[in-house]
Amino acid sequence: MADDATVRGRYAPVLGVLVVVVVLALLGWAALSDDGAAPDDAVEAATEGCAQEVTVPVTTTPEFAPVVVAAADRVEEELPCTLYTVATSSSAQTAAQLRGGTVPARVWIPDSPLWVDRVNADPAAPALTAGRTLATTPVVIGVPATLAQSAGEAPPWQEILSGPLSVRVGDPTESTASLLLLHSARQALGGTPEGEQLLGAVMIQLSRLSASEEELVAHAGQDVEGATAVVATEQRVASQRATNAATPLEVVVPAEGTGALSWTWVPLPGQDRGVGMRRALEALEESLTGEAAAADLEAAGFRDAEGGLVPGVPGTARAGTLPPPSAAETEAVLTTWRTVAVDMRMLAVIDVSGSMLEPVGQQTRIALAGASAQTAMNVFPPTSHVGLWVFSTDHAGGTDWTELAPITRLDAEVGAGTHRDVLLAAAASLPQHTRPDADTGLYDTVLAAYQQVQESYEPGYVNSVVLLTDGVNEDDDGISLDELLARLQASIDPSRPVPVITVGMGPGADEEVLRLISAQTGGRSYLARDPADIATVFVDALTHRPRVG
C-alpha cells in the first residue's frame, strides 16, 4: 500500500491511524430515509453529484488492514459515493475502548473472538455478536537458524520452557499471539506440580523481558549471539522470511499444539442504520470472503477461514489445533501476568522447631524447605526485595524469631557477591538453625513479621510475608490467636497492604488457624499435606499474590 499512498494519497498513517479515503464515481445515490425508502427522482438528482455520501468506519489490526483496504477497493467500484475509513489498533485496545463505552467504528475485525468475549463479559459494554471468520494464522515459535537444530521438530512444552530456546513473548495484555501461547502452555503444564512451578517461574522471568512482537521477531531474525526464539504468528514469520532471505526464521510448534488467531467480522452499534449503510457493510463483508480475497490473504501470509496452509513456511502443518480460551481462561492468564509483572518485597519466615527435623524420604522437612527456598530465590527477578527469618521458641533476646538476612534488593552488592548469594547461603544453612527441643512460636512471629514489613513498606511493590510451618502455636507465654487477629485487624492500612501468605507443611499444620491469619490480611493459605510437595508452593504463592493497583 506504500505505492498507493504515494500515487493516490489513499492509504497513509495519520496520527497513528490508518485512514483509507475512497471517493468514487460521478453518479451517486439519492438520499435515503431512515426507513429505507428513496425518492423516485433519486437517480436523476444524483447525476449532478452525490445526494448522500455513506461513510463506513472500520477498525482492525495493523497486519490485517491491507486486506481490508483491498476489499474496500473492490466495493467502491460497485457502490458510488461510499467512503470507508480503516483505523488500526490492537484488538486489546479496541476491546478496552468498547468496555469503556466508546464505539470506534461500525465494524470491528479483531484477531480473535476472545476479545469479543471480554467485551461481552462487561455488563456496561455493548452486546456484540461475532460473525464470519475472515482469516486465520496459527501461533508458532519463530526460531533463529542457529537454534533450530537444538529445538527438534516438535518438542513438548516442558522441553521448550526449560531448554535452550529461551523463548520470549510479547505482553499478553496487548499481544493475542502471546496470550494464546501462554494459554496453551498452561493447558499442557497445569496438571502437575512440576509443570505449574516451571510455568510460574518462566512467566515471572518473561514478564521482565517482554517487548512488541514486531521488535522480538526483528531481533530473532538477526540471528546474532544471544538471539532467542520468539512467540509470533505464522503470518509474521512468513513476512520475515519473505524479506530476510539471509537469516530466515524457522518454525517450531509444541507437541501439544497451539492456538490460532482468527479475524472475525463483528458489527458494532451505530446511529446510521439506513439502507445505504447496510448495503455498504454487506458489500464489504462479501468482498472480504469472496474469491478475490483469497489472493489477498495468501499474498499477506494469512490462511483462509478454514485454515488452509500458506506455502513457504515449513513446519507449520500441525499448528493451530487448540480452541480459543474461554473468557475465564483468558482472564486467568492476564491476571497472572499482571501480577508477576510487579516487583515483590517479601519477608520469608520459616519454621525451625524440632518437628522440622522429621524425615521425609531421604531428607528432613527443614532440608526440603531450604531447597524450596533456594529454588524460589533463583526464580525471583533481580529487582525483587527479599529477606529471611527463622522462628521457633527460645531465640536470643526473648523473641521467637531470628533474622538471617534483611529485606534487600537481590542484586545489591554484599561483600564479593550479591544479596541473592546471601539468601541462597542462608537457605542452604537452615538445617543448622533447627532447634531440636524448641516449639513453634507462631502467633508472636506472625505479628512481628507483619509489623516489620508494614513499617518498612515500599510503594510500587507487592509487600508480603510468606510463612512456612509444620505445626501449631506452642508458645504459652505469647499472644493468643484472638489477640493476634485483633492486632492484625487494628494494623490494617489500605494504603500499605501486607498480605500474609501461610504455607502449612505436613498433616500436623493447623490448617484452620493458618487460613484465618491469611484471610485477615488479604493473603492466601496453602497446605502441602505431603511435605514433599512443598517445592511447588513458593512459586505458586508468587504467581497468585495480590497485585498493586
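In this text, all values refer to a predicted model and were calculated from it rather than measured experimentally. Both backbone and side-chain heavy atoms feed into the values below; hydrogens, waters and symmetry mates do not.
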Open item on the list: Is it the case that the side chain of Gln454 and the backbone of Asn463 share a donor-acceptor pair, with hydrogens and angles ignored and the cut-off at 3.5 Å?
Closed with: no

Open item on the list: Between Thr264 (side chain only) and Ser262 (backbone N and O only), is there a donor and an acceptor less than 3.5 Å apart?
Closed with: yes

Task: Nearest atoms (heavy-atom pairs only) where Ala227 meets Leu147 - done: O-CD1, 3.6 Å

TODO: Apply side-chain contact (heavy atoms from CB on, under 4.5 Å) to the pair Phe380 and Val386, showing each step before the final yes or no.
DONE: CA-CA 9 Å; Phe380 299 158; Val386 183; 3.5 Å; yes

Task: Heavy-atom pair of closest approach, residues Ala232 and Val237 - done: CB-CG2, 4.2 Å

Open item on the list: In the structure I gave you, are the side-chain heavy atoms of Val390 and His395 within less than 4.5 Å of one another anywhere?
Closed with: yes

- [ ] Say whether, by atom type as modelled, one donor and one acceptor occur between the side chain of His419 and the main chain of Pro406 under 3.5 angstrom.
- [x] yes

Open item on the list: Any donor-acceptor pair under 3.5 Å linking the side-chain atoms of Thr393 with those of Asp439?
Closed with: no

Task: Atom CD of Glu174 with >12 non-hydrogen neighbours under 6.0 angstrom - done: yes

Open item on the list: To the nearest 0.5 Å, what is the distance between OG1 on Thr469 and CG on Leu514?
Closed with: 7.0 Å

Task: Shortest non-hydrogen contact from Leu485 toward Gln520 - done: O-NE2, 2.8 Å

Task: Nearest-0.5 Å distance, CH2 of residue Trp157 to OG of residue Ser184 - done: 4.5 Å

Task: Test item: Thr335 side-chain N/O and Ala332 main-chain N/O as donor-acceptor pair under 3.5 Å - done: no

Task: Minimum side-chain heavy-atom gap Leu206-Trp337 below 4.5 Å - done: yes

Open item on the list: Under a 3.5 Å cutoff, is there a donor and acceptor pairing between the side chains of Asp111 and Thr61?
Closed with: no

TODO: Would you please say whether a donor-acceptor pair under 3.5 Å links the side chains of Trp401 and Asp444?
DONE: no

Open item on the list: Tell me whether Arg168 contacts the main-chain N or O of Leu209 through its side chain, where contact means a donor paired with an acceptor under 3.5 Å.
Closed with: yes

Task: Leu216 vs Val231 side-chain heavy atoms within contact, under 4.5 Å - done: no

Open item on the list: Rounded at 0.5 Å granularity, tell me how far CG in Leu404 sits from NE2 in His433.
Closed with: 4.5 Å

TODO: Measure the shortest side-chain to side-chain distance between Val453 and Ile407 over non-hydrogen atoms and say whether it is less than 4.5 angstrom.
DONE: yes

Open item on the list: Could you check whether any side-chain N or O of Asp122 sits under 3.5 Å from a backbone N or O of Val119, counting only pairs where one atom can act as donor and the other as acceptor?
Closed with: no

Open item on the list: I want to check something: taking the side chain as every heavy atom from C-beta on, are Leu261 and Val139 in contact at a cut-off of under 4.5 Å?
Closed with: yes

TODO: For Asp493, look at atom CG and say whether over 12 heavy atoms of other residues, nucleotides or ligands are found less than 6.0 Å away.
DONE: yes

Task: Smallest separation among heavy atoms of Pro110 and Val116, with atom names - done: CG-CG2, 4.1 Å

- [ ] Say whether, by atom type as modelled, one donor and one acceptor occur between the side chain of Arg345 and the main chain of Ser456 under 3.5 angstrom.
- [x] yes

Open item on the list: Tell me the closest heavy-atom pair linking Ser518 and Thr502, and the distance in Å.
Closed with: OG-OG1, 2.7 Å

Task: Interatomic spacing from OG in Ser464 to CE in Met344 - rounded to 0.5 Å - done: 4.5 Å

- [ ] Return yes if some donor-acceptor pair links the side-chain N/O of Thr445 with the main-chain N/O of Gly441 below 3.5 Å, else return no.
- [x] yes

TODO: Test Glu213 against Ser178 for side-chain contact (heavy atoms from CB on, under 4.5 Å), laying out the working first.
DONE: CA-CA 8 Å; Glu213 185 179 320; Ser178 295; 5.6 Å; no

Task: Pair Thr137-Arg236, side-chain donor/acceptor within less than 3.5 Å - done: no

Task: Donor-acceptor pair between Asp351 and Ser353 side chains, under 3.5 angstrom - done: yes

TODO: Please lay out, stage by stage, how Phe391 and Thr440 fare under the test side-chain contact (heavy atoms from CB on, under 4.5 Å).
DONE: CA-CA 7 Å; Phe391 76 102; Thr440 304; 3.8 Å; yes

Open item on the list: Could you measure the distance from the CG atom of Leu484 to the CG atom of Asn473? Nearest 0.5 Å is fine.
Closed with: 8.5 Å

Task: Worked check of side-chain contact (heavy atoms from CB on, under 4.5 Å) between Leu180 and Thr258 - done: CA-CA 7 Å; Leu180 291 176; Thr258 66; over 6 Å; no

Task: Closest non-hydrogen atom pair between Ala229 and Val143, with its separation - done: CB-CG2, 4.1 Å

Open item on the list: Is it the case that the side chain of Arg241 and the backbone of Leu249 share a donor-acceptor pair, with hydrogens and angles ignored and the cut-off at 3.5 Å?
Closed with: yes

Open item on the list: I need the Asp411 CG to Ser384 OG distance, nearest 0.5 Å.
Closed with: 9.5 Å

Task: Side chain proximity check, Thr247 to Pro144, heavy atoms < 4.5 angstrom - done: no

Task: side chain to side chain donor-acceptor pair (under 3.5 Å) assessment of Asp171 paired with Thr173 - done: CA-CA 5 Å; Asp171 182 344; Thr173 65; 2.7 Å; yes

- [ ] Would you indicate whether the side-chain heavy atoms of Thr339 and Thr336 approach each other to under 4.5 Å?
- [x] no

- [ ] Verify the distance criterion only: is there a donor paired with an acceptor across the side chains of Gln432 and Ser429 at less than 3.5 Å?
- [x] no

Task: side chain to side chain donor-acceptor pair (under 3.5 Å) between Ser355 and Glu358, worked out - done: CA-CA 6 Å; Ser355 58; Glu358 290 283 336; over 6 Å; no

- [ ] Determine yes or no for a side-chain-to-main-chain donor-acceptor pair under 3.5 angstrom, with Thr375 supplying the side chain and Ala371 the backbone.
- [x] yes

Task: Identified side-chain contact (heavy atoms from CB on, under 4.5 Å) partner of Trp115 from the options Thr94, Leu98, Leu179 - done: Leu179

Open item on the list: Is the shortest side-chain heavy-atom distance between Thr330 and His183 below 4.5 Å?
Closed with: no

